[in-house]
Amino acid sequence: MLPTHMRTLILIGILIFTSKLQGQSGPSFVTNNNQFSYHNNSENVKNEIDLPEEQEEVLSELEIMILREIGKAMSFEERKSTIFSLISEAKTYIGTPYVYGGTTRNGIDCSAFMQSVYSSNEITLPRVSRNQALLGEEVKRRDIEPGDMLFFSNSPRSNISHVGMVVEVTEDDIMFIHAGSSTGVTISPLSMTYWSKRYRFAKRVFGPDYQDQLVKNN
């Protein structure tokens, strides 16, 4: 039988050889403050892994009632100002890396990103996207406006597991800001295949009556 140190050297050699065969393809994981950050070496978002499932968060009936009232008491000017402020704050995060469970500018996930942006405007959101989806009123895709929240899941039957916020609506597309697992905080078009097939619905947090007056954010 080979000595222990010889077996160790052989095992290391096999691992090095295998990694060279694999090259740079596929995702890799690095740790940051004991949290996992996803990095996809391909720039094509179509190769991104499935949306990660989020941790459990149970809300009381009272908390859900409060969530559904957010924004309803605002005047038109307050709503418009808040939406512009949210979009401006969100854009300051562009380039922040994605970290599953992360909550800071050093690394953040999609729902914590929305939670942080809203917190800057003294609005408290739940921690996970499927509970954030309880906010506001659902709007049809053709009626989506800047400030609306978009929700995604891996399949129509799976839980909501991703969220973003609309920053611009053009004749051809809907642009939303979000923390993607392979991109970090970025602005993406809803027409992109990866996102369009995972898109489930949009929610308007600040009421339906401002949409005809709101000047779109550019």
Side-chain angles (χ1 to χ4, degrees), residues 51-93 98 101-103 108-154 156-169 174-180 185 187-188 190 195-196 198-214 216-217:
L51 299 169
E53 293 296 327
E54 297 179 296
Q55 63 267 39
E56 290 295 323
E57 181 188 37
V58 179
L59 301 180
S60 68
E61 291 185 8
L62 177 60
E63 288 173 319
I64 293 173
M65 284 177 57
I66 293 172
L67 283 176
R68 289 174 172 164
E69 293 301 314
I70 289 177
K72 289 186 177 180
M74 289 185 177
S75 67
F76 164 70
E77 289 301 326
E78 287 173 330
R79 289 169 176 162
K80 183 173 69 172
S81 174
T82 299
I83 290 167
F84 288 164
S85 179
L86 289 171
I87 292 174
S88 297
E89 175 68 12
K91 287 181 177 180
T92 68
Y93 279 80
Y98 177 90
T103 59
I108 201 163
D109 63 26
C110 66
S111 51
F113 173 48
M114 287 294 98
Q115 188 182 51
S116 297
V117 169
Y118 273 75
S119 178
S120 70
N121 281 265
E122 300 182 347
I123 299 172
T124 302
L125 295 190
R127 175 62 181 85
V128 300
S129 59
R130 65 177 172 275
N131 285 335
Q132 292 175 4
L134 297 173
L135 276 74
E137 301 293 331
E138 189 167 340
V139 293
K140 295 180 180 179
R141 187 163 178 158
R142 65 174 181 267
D143 296 326
I144 288 175
E145 295 283 355
D148 292 343
M149 297 176 76
L150 306 183
F151 293 92
F152 305 82
S153 67
N154 287 311
R157 294 186 178 182
S158 60
N159 290 329
I160 292 297
S161 54
H162 193 70
V163 59
M165 180 172 63
V166 178
V167 296
E168 183 180 6
V169 179
I174 296 167
M175 308 300 294
F176 68 101
I177 191 166
H178 63 116
V185 177
I187 295 175
S188 300
L190 187 56
W195 296 114
S196 63
R198 289 170 171 81
Y199 170 74
R200 299 295 165 241
F201 53 82
K203 285 293 195 76
R204 180 159 297 150
V205 179
F206 300 102
D209 59 339
Y210 72 90
Q211 60 181 342
D212 294 330
Q213 306 173 58
L214 181 63
K216 294 179 181 179
N217 185 67

What I want to find out is whether Arg127 reaches Asp109 closely enough, with some N-O distance under 4.0 Å, to be called a salt bridge.
yes

To the closest 0.5 Å, what do you measure between CD (Glu78) and CD1 (Ile83)?
12.0 Å

In a check of side chain to side chain donor-acceptor pair (under 3.5 Å) between His162 and each of His178, Arg198, Arg200, which one passes?
His178

Under a 4.5 Å cut-off applied to non-hydrogen side-chain atoms, are Ile108 and Ser116 in contact?
yes

Gln132 (side chain) donor-acceptor with Ser111 (main chain) under 3.5 angstrom:
yes

State whether the side chain of Ser85 and the backbone N or O of Ser81 hold a donor-acceptor pair below 3.5 Å, judged by distance alone.
no

Do any N or O atoms from the side chain of Ser119 and from the backbone of Gln115 form a donor-acceptor pair under 3.5 angstrom?
no

dist Ile174:CD1 -> Trp195:CH2 (nearest 0.5 Å) comes out at 14.5 Å

Rounding to 0.5 Å, atoms CG (Leu150) and CZ (Arg141) come to a distance of 8.5 Å

Report yes or no: does Glu89 contribute a side-chain atom to a donor-acceptor pair with the main-chain N or O of Val117 at less than 3.5 Å?
no

Please report the interatomic distance OH(Tyr93) to CD1(Ile177), rounded to the nearest 0.5 Å.
10.5 Å

Closest approach of Ser158 to Asn154 (non-hydrogen atoms, all atoms of both residues)
OG-N, 3.4 Å

Which atoms form the tightest heavy-atom contact between Ile144 and Val169, and what is the distance?
O-CG2, 3.5 Å

Does Ala133 offer a backbone N or O that forms a donor-acceptor pair with the side chain of Lys203 under 3.5 Å?
yes

Approximate separation, where rounding is to 0.5 Å, of Met114 CE and Met165 CE:
4.5 Å

Hey, are the side chains of Val205 and Tyr118 touching, using non-hydrogen atoms and a 4.5 Å cut-off?
yes

Give the minimum heavy-atom separation between Ser161 and Cys110, together with the two atoms involved.
O-SG, 3.9 Å

Is the distance between the ring centroids of Phe152 and Phe176 under 6.0 Å?
yes

Looking at Ile87 and Gly147, what are the two nearest heavy atoms and their distance?
CD1-N, 4.0 Å

To the nearest 0.5 Å, what is the distance between CG on Asn121 and CG on Leu86?
4.5 Å

Looking only at heavy atoms, what is the nearest atom pair of Gly102 and Ala112, with distance?
O-CB, 3.2 Å

